[in-house]
Amino acid sequence: MAFMEYKQRTVTCGQLRGSDEGKQVVLNGWVHRNRNHGGIHFINVRDRYGITQVVVGEQVAESVRSIAEALRIEFCIAVEGTVRRRPESMVNPDMETGEIEVDASSLHILSRCEPLPFMIDEETDAKEDLRLRYRYLDLRSGGMQKRIRLRHEFVRAIREHLSAKGFYEIETPTLIKSTPEGARDFLVPSRLYPGKFYALPQSPQLLKQILMVGGFDKYFQIARCYRDEDARGDRQLEFTQLDLEMSFVSREDVLLTMEDLFNDVFASVMNYKLPAHFKRLSWIDAMNTYGVDKPDLRYDLPLVDVGDIAKKTQFGAFQSVLASGGSVKAIKAPATEALSYSRKYIGELEEAAKVYGATGLAFVKVGKDNILETGIAKFLVGHEAELISVTEAHEGDMLLFVAASWKKCCNSLGAVRAKLARDLNLIPKGTFEFCWIIDFPLFEFNEDAGHWEAAHHMFSMPQSQYIDTLESDPGSVKGDLYDLVLNGYEVASGSIRIHDVELQKRIFRICNFDDEEAEQRFGFLLNAFRYGPPPHGGIAPGIDRMVMIMSEQTSIKEVIAFPKNTAAISPMDDSPSFVDDKQLDELHLIIKQPEKNS
RNA sequence: GAGGGCGUAGCGAAGCUGGUUAUCGCGACGGCCUGUCACGCCGUAGAUCGCGGGUUCGAGUCCCGUCGCUCUCGCCA
């Protein structure tokens, strides 16, 4: 057979059923397994749609049997044959096509496959580095096929829903002006203008705001975003957002639009019923109660502020923290069969707390009749009943304490909360708990830089009651900001935007951009705002992160076809790589290699 | 920039307080097998134990350094 001529499939490997008995078919696919029983071969042929068993019996021509002998795993083949209903006792209920098999009349090898670096199965056990190097093989696995399909279905459902709601999908450039705030930019040197650079967008933020000025009052885009920062399990330097913006809306409109979207999408893609409306928590409540601004509400385990009680004790570690304006918080670790709170285990919890800056994790055990035992019990004498009351503790529970600055205290105990939930098996599988975090502070003081900066970005609207005190008390200003949280991950972030030139300039000034620099950096936005900008706001859910959670993965790499590793390298194509001097010359670039530290 | 974990055959792992020829499963290769579906059975090959140095009569094992991967903190509006 010539290279370009082969028997093209008439059916896929996932579609044949008992009712197809007797049909002449052609399958194209990969050899998933080849079981040779001497006189008879069973070849599992796999494609994207499923696996079909092909039988090469002894009545078949010798030439066909010898091809069956030669087949190896992952050979790409074409099979011609007749669909045959399997004898009753041979039906495989675990296979979708298990009622039938294809009795082969001819076999063709379309391409051969070398011995594999790892086995292709539902989920491979090969290390991630190797999976990325041979990503084309890894992608053949059942798990990757399912996740990439889920991702497609998710994005398709989003497009359908938003289109039906009157949104336009509009593309924005990926070569844009570098703007100074936020993450580090990826830069693209200009050939035509020596020394000038484009930046890859960290998000289409300013462009979508300008689309609003342009009159496209409902916009969305499945947008690739680039941030040159270190990767994490849930973070890649290149990722995809559903970028969305609307004109003439309030915060409420944006939240309802998202709730409507995800209700629809989860129902159609996951067959999962979400509540019509998601819980809402203020940022301060989320921090105080769960120790993070992205709480996992699939379980409870609240943090309790015990500063008032701690103040009355003689415990020096508590007193000194309180005296310097810090916080003392406690969490109740419930008595359970599943876990004994040994010193060793409490040590593990303490390690989790220390990651976020706690200096230690104090503990007491709740005994009979409101008695506290071990740990710091002796410092709490006289305050047992009050402590047990506020923490709602019972006999056998452990109380765990962190004393630190408010933020470290929250984050540290939040980490303890998360570890406890995992170890106590409190996290239900297959549930999706969305919640909104609202009322974020607009500004954060940057100690290193010595000035205020935007907690999210500089284009978010301050809540109206703070407009008069922006400059005098930036720290207390709350913004019209909102995050969407799912199962403990931040999956979207948005705000109502500023659409007033003067207000926008005031924000720039507070963030240490004088009018001249603001003009130079953001002049195009300020110019646009001189021409009748509509009030507007939006949000940007992270596609990769959401699909990761929906497919119950803990790494974003599991839902990206070609991800980078933690060192920002793609092991498959070995990027980034050096380029020719000629290319550098054209771009007017000279490479300065960093000096190696001795 | 910092910390934790890992690195033993193509892949995944075992190898305890240092002791002869480094073990197991999958895969590869050869053989047998007519109803399997993670087929089974027999056999063969395949490892400078990440790399470099040190301690020791002797190092996969202990020490120092280094490289790679991975998770996390910082960073990520």
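Below, chain A is the first sequence line, B the second, and so on; all start at residue 1.
- Going from atom CG of D121(A) over to atom P of G10(B) covers 21 Å, rounded to whole Å.
- Summary of the strand contacts: P117(A) and K564(A) both lie near RNA chain B, and taking for each the nucleotide with the nearest heavy atom, the more 5' one is attributed to P117(A).
- Here C69(B) presents its C1' atom at 9 Å from CD of E128(A), a figure rounded to the nearest Å.
- When both distances must be under 3.5 Å, the Watson-Crick or G-U wobble mate of U44(B) is A28(B).
- In terms of polar N and O atoms assigned as donor or acceptor, the side chain of R72(A) never comes within less than 3.5 Å of the base of G27(B) in a complementary pairing.
- Remark: A2(B) base-pairs with U72(B); criterion is Watson-Crick or G-U wobble with both hydrogen-bond distances under 3.5 Å.
- The CG-P distance, from D103(A) to C37(B), rounds to 19 Å in whole Å.
- Using the six-membered ring where Trp is involved, Y482(A) and W436(A) have ring planes that are perpendicular, over 60° apart on the 30 and 60° scheme.
- For the P atom pair drawn from C76(B) and C62(B), the interatomic distance equals 40 Å after rounding to whole Å.
- Stacking annotation: F118(A) is not stacked on the base of C11(B) (requires ring centroids less than 5.5 angstrom apart and an interplanar angle below 30 degrees).
- Between the side chains of D20(A) and Q15(A), not a single donor N or O lies within less than 3.5 Å of an accepting N or O.
- The interatomic distance linking R131(A) (CZ) with G12(B) (P) rounds to 12 Å, in whole Å.
- A gap of 15 Å separates the P atoms of G68(B) and C51(B), to the nearest Å.
- Taking atom CG of N34(A) as the reference point, atom P of G40(B) lies 14 Å away to the nearest angstrom.
- Distance check on atom C1': C63(B) versus G18(B) gives 13 Å, rounded to whole Å.
- With rounding to whole Å, L137(A) atom CG is found 13 Å from C11(B) atom P.
- Among the nucleotides U8(B), C73(B), U70(B), the one closest to any side-chain atom of R232(A) is C73(B).
- Side-chain N/O atoms of N92(A) include none lying less than 4.0 angstrom from OP1 or OP2 on C37(B).
- There is no side-chain donor-acceptor pair under 3.5 Å between S577(A) and D574(A).
- The backbone N or O of F42(A) sits nowhere less than 3.5 Å from a side-chain atom of R35(A) that would complete a donor-acceptor pair.
- The pair R131(A)-E128(A) fails the salt-bridge criterion, with no side-chain N (NZ, NE, NH1 or NH2) lying under 4.0 Å from an Asp/Glu carboxylate O.
- Nearest nucleotide to the T566(A) side chain, out of C73(B), U70(B), G35(B): U70(B).
- Judged by distance alone, with hydrogens and angles left aside, R35(A) brings no side-chain donor or acceptor close enough to the base of C33(B) to form a pair under 3.5 Å.
- Taking side-chain N and O atoms only, K557(A) has a distance below 4.0 Å to OP1 or OP2 of C71(B).
- Taking atom C1' on both C24(B) and C67(B), the two are 29 Å apart, rounded to the nearest angstrom.
- Salt-bridge formation is detected for the pair R46(A)/E74(A): a Lys NZ or Arg NE/NH1/NH2 atom is positioned less than 4.0 Å from an Asp or Glu carboxylate oxygen.
- Backbone-only engagement by L130(A) is indicated by non-hydrogen atom pairs under 4.0 Å involving sugar-phosphate atoms exclusively.
- Residue S555(A) has its side chain nearest to C71(B) when only C71(B), C76(B), U36(B) are considered.
- More than 12 non-hydrogen atoms from other residues, nucleotides or ligands lie less than 6.0 angstrom from OH of Y345(A).
- A donor N or O paired with an acceptor N or O is not found under 3.5 Å between the base of G68(B) and the side-chain atoms of D129(A).
- Checking C26(B), C76(B), C37(B) against the side-chain heavy atoms of M119(A) singles out C26(B) as nearest.
- Nucleic acid contact class of R33(A) (heavy atoms, under 4.0 Å, all strands): sugar-phosphate only.
- For the pair K127(A) and G12(B), the criterion of a side-chain N or O lying under 4.0 Å from OP1 or OP2 is met.
- Residue-level contact check: A231(A) touches neither bases nor backbone, having no heavy atom under 4.0 Å from any strand.
- Across C42(B) and U61(B), the matching C1' atoms stand 35 Å from one another, rounded to whole Å.
- In this structure, R17(A) places its CZ atom where more than 12 heavy-atom neighbours from other residues, nucleotides or ligands lie under 6.0 Å away.
- Remark: G7(B) base-pairs with C67(B); criterion is Watson-Crick or G-U wobble with both hydrogen-bond distances under 3.5 Å.
- No donor-acceptor contact under 3.5 Å links the side chain of D94(A) to the base of C37(B).
- Within the 4.0 angstrom heavy-atom criterion, no nucleotide atom of any strand lies near S89(A).
- Looking at E101(A), its side chain comes within 3.5 Å of the base of G35(B) through a donor and an acceptor atom.
- Dashed line: the shortest gap from a side-chain N or O of K354(A) to OP1 or OP2 of U72(B) is not under 4.0 Å.
- Taking the C1' atom of each, G53(B) and U44(B) are spaced 38 Å apart, rounded to whole Å.
- One cannot find a donor-acceptor pair under 3.5 Å joining the base of C76(B) and the side-chain atoms of D230(A).
- Here U20(B) sits opposite no nucleotide as a Watson-Crick or G-U wobble pair (both hydrogen-bonding atom distances under 3.5 Å).
- In the set C33(B), C11(B), C76(B), C33(B) carries the atom at the smallest distance from any side-chain atom of N36(A).
- Using a 4.0 Å heavy-atom criterion, one finds that F459(A) contacts no nucleic acid atom at all.
- Set against G12(B), U70(B), C39(B), the side chain of N565(A) has U70(B) as its closest nucleotide.
- Comparing the same atom, P, in C39(B) and in A2(B) gives a spacing of 49 Å after rounding to whole Å.
- The CD atom of Q236(A) sits 10 Å away from the P atom of C71(B) (whole-angstrom rounding).
- In this structure, M95(A) reaches the bases: a heavy-atom distance under 4.0 Å links it to at least one base atom across the strands shown.
- A9(B) and G27(B): their C1' atoms are spaced 11 Å apart (whole Å).
- Taking 3.5 Å as the limit, the base of C76(B) and the side chain of R235(A) contain a donor-acceptor pair of atoms between them.
- The aromatic rings of Y134(A) and Y136(A) sit perpendicular to each other, their planes meeting at more than 60°, with 30° as the lower class boundary.
- Using a 4.0 Å heavy-atom criterion, one finds that R84(A) contacts the bases of the nucleic acid, with or without backbone contacts as well.
- If you take CG of L116(A) and P of C29(B), they are 11 Å apart, rounded to a whole angstrom.
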